[in-house]
Amino acid sequence: MTKDKLLLLDGNSLAYRAFFALPLLANDSGIHTNAVYGFTTMLQKILEEEKPTKMLVAFDAGKTTFRHDSYGEYKGGRQKTPPELSEQFPYLRKLIDAYQIKRYEKELYEADDIIGTLAKQAENEKMDVIIVSGDKDLTQLATDQVTVYITRKGMTDIEKYTPTHIEEKYGLSPSQIIDMKGLMGDASDNIPGVPGVGEKTAIKLLKEYGSVESLYEQIEDMKKSKMKEKLVENEESAKLSKKLATIFTEAPIDIKLEDLNYPGPNEEELLNVWQELSFKSLIEKSDFQAEEIETAELDFDIAQEVTEDMLKDVMAVHVEIENEHYHSCRVLGFAFTDGAETFYLSFEAMQQNEAIKNWLEDETKKKYMSDSKSAQAILNRVGITLRGVEFDMLLAAYIVNPAISGDDIATLAKEFGYTDIQANETIYGKGAKWAVPTEKVLAEHVSRKAFAIWSLQPILEEKLKENEQFALYYDLELPLASILGSMESKGIKVDIPTLEKMGEDLEQKISALEKEIHDLAGEKFNINSPKQLGVILFEKLGLPVVKKTKTGYSTAADVLEKLQSEHKIVQYILDYRQLAKLQSTYIEGLMKEVHCEDSKVHTRFQQALTSTGRLSSTDPNLQNIPIRLEEGRKIRQAFVPSEEGWVLFAADYSQIELRVLAHMSNDEALVEAFNEGMDIHTRTAMDVFHVSEDEVTSNMRRAAKAVNFGIVYGISDYGLSQSLNITRKEAGEFIEKYLESFPGVKEYMDTIVQEAKLKGYVTTILNRRRYLPDITSRNFNLRSFAERTAMNTPIQGSAADIIKKAMIDMDARLKDEGLKSKLLLQVHDELIFEAPKEEIEILERIVPEVMEHAIELAVPLKVDFNYGHTWYDAK
DNA sequence: GTAGTCACG
DNA sequence: ACGTACGTGACTACT
C-alpha cells in the first residue's frame, strides 16, 4: 500500500481568489462562472500533479465563529460577498460532488480550523499533506510533512510553502507566521495588530525576539523609540491579534480521515456539470474514458449478400473510415438503413456487389449521409461516382450553427438530442490503444451512425426551413460539397525535382545564416527556440525588450523589426526565420503530402469548420502558399498542370470584402467609388485627407489601405495603431475621419452591433448565421470581441457566399460548354483552374463573367485573371 | 498538448 | 479603465 497523500482545500478562500483573479465569465444561461472556473483549472492542475489519495474541501459555515467571542469586530467591515460570486457557490458544491471530493463545514469554525485540525491528524498518521488556499495565513501550518500551496494570480500559478521556503522568504519559521500577523494585523479580517508595524518591521522584531510573547517579556530592555511606545501601547491588541490569527488545530470535527478517500471524479457527472457551466475548453481537453452509454435496441444485419430489393429509393448511408485522412486511409465498412431495415457490409463485400455500386451511382436513389464529401472521395478511389446525395447531416448542422464542433456523428447527433450511439472512443479506444473491434461491434456502431442520420434528417430539415436557410444548405453547400470532393480527388500536380532543388539552395543559405548568427551571438544555440533566442537577444546582447509574451520575451517579427537598428544579428535572424519557415513547411512539409502514385497533393477542404462560412484547407493547406515575398513565391513554381501543354489559370476577386461592405452599408461615397471603378485605397485617402487624386502620396494610400482593412475587421484604434506603427491617438483620429467621410459605413457598423444584440446572431447575404453570445457580456474584452465579430462576419461570410456560388455556377458552366478545364483550388477570393491551352481564350471570357455575376450587388464585382505554366506564372 | 511564430486571404 | 485588429493551418520547441 502506497503512502496516503491528503489534499485539503480552502473552499471559500479559493473561490474568492478565483472570483477576483478572473474576468467575470458567464455560461450560456447568464450565470457567472469565473470563480468556479478558476477553482476547476486549479483543481485539475493539482490533481494531475499530485495524485492525492484523500481529499476534502472545507468551507466556512455561517457568519459567526468562536473568534467572535473574544473579538466582536472579527472580520468586521468586510464587503458583502458580491452577488455574482454568491450565485456561484451552489455550482461549486455541485462541481466538488461530481469530482467525488468530500466537503465539510462546521458551525462556529472557519475552513482554516477544519484544515488545521485534519492536517495535524494526518500528520500523526504519517501522511503527506497538501493544503491549498488563496490565503497566506495557512502557511503557519507548514511542516516537513505539510506543504501549503498558495495560488497566485491566474489560479494555476502556485507558490509552495514548505518550512524551508518560508525561512528563505521571510527568515521565519512557520509558527512565527502568526506572530507576524499578530504584530502587523490583517486589514481584510479586521485584525488590528500594532499600528505602524508592517511586514518588514514584524519580521525584524521576530528575528530578534522569536515571538510576540518573548518580545513583551523583554520589552523593558528595548531601546526607547516611537516603535517601542507603540508596542507597549498595543500589547493587548498584539496578543489578541495573534490569538485570532492562530489556526485552531483541535476543532471538534465529526469527519474522520478514513472518510476522505478520493476515488477520482465521476466523469459523467463532471462532464454534465462542465456542460452546464459551458466549460468548453475543459470538455474538449478532457481525456475521460468515454463511458459506454445506454442505447436503445437496434436491429441490424451483417449482410453477406445485398440484393436490389434491399436498396430502397431513399436510404441513410454511412461510410466508416479509420481516420479523417479520407484520401488515403483504410475503409472499415458501410451501413445502410431506411428506418426499418438496417444492414452493414464490409468494404470488400461492397466492392464486389454490383447492385450496391449501381445504387450508389444512381442519381434517382436518394442518400442521406453525413460528410458526403468524404464518402465521395472514398468511393472515387475505387472508381465509383457517388450521386444523389439528398441530405448531409454535417453540412446541415453547420448551417444551423457553425459553432457546432466536431464532425463525428455521435457528437453531432448529441447536439440535436439523439444519444443512441456510442462515442468513437468507446468503440475504438484512443491513442496507442486504438483498434478495430470485432465485426459485430463494428457493424452495430456503423449501423447506429446510419440510423442516427436517418432519424435526424427530418429534424434538421425542419430547423433549416424554420431559419430560412434551406436554400443556403440545399442550393449552395450541398452541391458545393460534391464540387469540392471532385477538386480534392482530382488533386494538383507537384513537381518534386523543383522542390528538391529549392530545398538544397535553402539548406545552404540557412546553414550560412545559422553560422553567422552563432558567431554574432558568441555561442551556439537553437535559433528556432523563442526561449533560447530571447535569452541571447535580451540578456546576453542586452537589446531592449519591446514586448513580452505570457512565458517570456516576444521575438516575433514585428518586435525584431523594431530592433533592427540595434544589432546586426537581428536581420540575420529575420532572414533565418523566413527561410526556415519555407524549408520546413513549404518544402519538406509539402513533399510529405505528395502522393507517390500520381505525384499530386490532395488537400481536404473543410466545409463545416469556420465560423464565418469560409472554407479551410488541410493536409496540405493550399490556401497559405507563400506569395507576398519573392523567395517564398517561388514555391508556386512547383505547382504545375497535370497534363502536358496545359496551364494553370487563376482568377481573383478584386476588393471583394470592401465591395460587400459597400453593398451592405449602401454608403453613398463607397458605392460611388466602386461604380466609378476607382482605386479604392486612393479614393479612401482622398476622402480621409481631403486631397485631390494626384495629391495622394504613397504614405497616404498606405494608411488608407490599413484603415480599410481595419474597417473590415471591426475597427479598433489600437489595432490600427499596431498595423501602421502610429500612436493610438493618431489611429483614433484616422478612424474618426474615415467614419465622417463614409457615414453610411458608420451607420452600418452601429446597426449590425445593435442587431446582433437584439437577435443574438448576425447573418450574411445568403442568410448564413453566426451566433454571438458574448455580445451582451459584461466583460469588456469578450463583448468588444463579439462586437468586432458582428461587424466582420457579415462581410467575410458574404464574400464566402459569393465565391461559393461562383464555384457552383462555374462548375455548371464548364460542363455546359463541354470544356476539359477543371477547377482545382479555392483560396477565399480566388479560383484556380487547370486548362488545356486551347481553352484559355474561353476561360478568359467565361470565368470573369461567371464570377462577377455570381450574386448581384449594389456595386459591380471585379475579377482579375492570369495564367501560366506554373502557379507562379499565373500572376 | 500548448505556446509562439508565421504563411495565406 | 478595460486590451484588441477578422478568418485560418503547420511547424518547432517544450512541458
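Keep in mind it's a predicted model, so treat the numbers as computed, not measured. Quick note on labels: first sequence line is chain A, next is B, and so on, each numbered from 1.
Counting to the nearest Å, the C1' atom of C:dT8 and the CG atom of A:L622 are 13 Å from each other. In this structure, CD1 of A:I726 is placed 13 Å from C1' of C:dA5, rounded to the nearest angstrom. Atom pair A:D558:CG and B:dA7:P shows a separation of 12 Å (rounding to whole Å applied). Whole-Å rounding puts the A:K548 NZ to C:dG3 P distance at 17 Å. Computed from coordinates, the A:N624 CG to C:dC6 P distance equals 19 Å when rounded to whole Å. Put simply, CG on A:D829 is 17 Å from P on C:dG7, counting in whole angstrom units. The interatomic distance linking A:R636 (CZ) with B:dC8 (C1') rounds to 8 Å, in whole Å.
With 3.5 Å as the limit, one finds no donor-acceptor pair spanning the side chains of A:T751 and A:Q754. A donor-acceptor contact closer than 3.5 angstrom links the side chains of A:T793 and A:R770.
Of the two residues contacting DNA chain C, namely A:S723 and A:L590, the nearest-nucleotide position lying further toward the 5' end is that of A:S723. Mapping A:Y586 and A:K531 onto DNA chain C by nearest heavy atom places A:Y586 closer to the 5' end of the strand.
The nucleotide whose nearest atom lies closest to any side-chain atom of A:T789 is, among C:dA13, B:dC6, C:dC6, C:dC6. Nearest to the side-chain atoms of A:I627 among the listed nucleotides B:dG4, C:dA5, B:dC8 stands B:dC8. Listed candidates were C:dG7, C:dA5, B:dG9. Nearest to the side chain of A:I715 is C:dA5. Closest to the side chain of A:F709, from the set C:dG7, B:dC8, C:dA5, is C:dA5. Among C:dG7, B:dG4, B:dA7, the nucleotide with an atom closest to any side-chain atom of A:K550 is B:dG4. The side chain of A:S716 approaches C:dT4 more closely than any other nucleotide in the set B:dA3, C:dT4, C:dC6. For A:Q578, the listed nucleotide lying nearest its side chain is B:dA7; candidates were C:dG3, B:dA7, C:dC6. Considering only the side chain of A:S529, C:dA13 comes nearest among C:dA13, C:dT4, C:dG3.
At a threshold of 4.0 angstrom between heavy atoms, the contacts of A:A706 include nucleobase atoms, whether or not backbone atoms are also involved. Contact annotation for A:V712: no contact, since no heavy-atom pair falls under 4.0 Å across all strands. A:L609 comes within 4.0 angstrom of the backbone, heavy atoms only, and of no base. Among the heavy atoms of the strands lying under 4.0 Å from A:Q532 are primed sugar atoms or P, OP1, OP2 only; no base atom is included.
Residue A:T549 has no polar side-chain atom (N or O) positioned under 4.0 Å from OP1 or OP2 of B:dA3. At C:dT8, one or more side-chain N or O atoms of A:S611 fall inside 4.0 Å of OP1 or OP2 (strictly under the cut-off).
With a 3.5 Å ceiling on both atom-pair distances, C:dA1 lacks any Watson-Crick or G-U wobble partner.
Judged by atom type and distance alone, A:R788 reaches the base of C:dT4 through a side-chain donor-acceptor pair under 3.5 Å.
Scanning residues 612-621 of chain A for heavy-atom distances under 4.0 Å to DNA chain B yields A:R614.
Note on A:R636 versus A:D873: no salt bridge recorded, every NZ/NE/NH1/NH2 to OD/OE distance being 4.0 Å or above.
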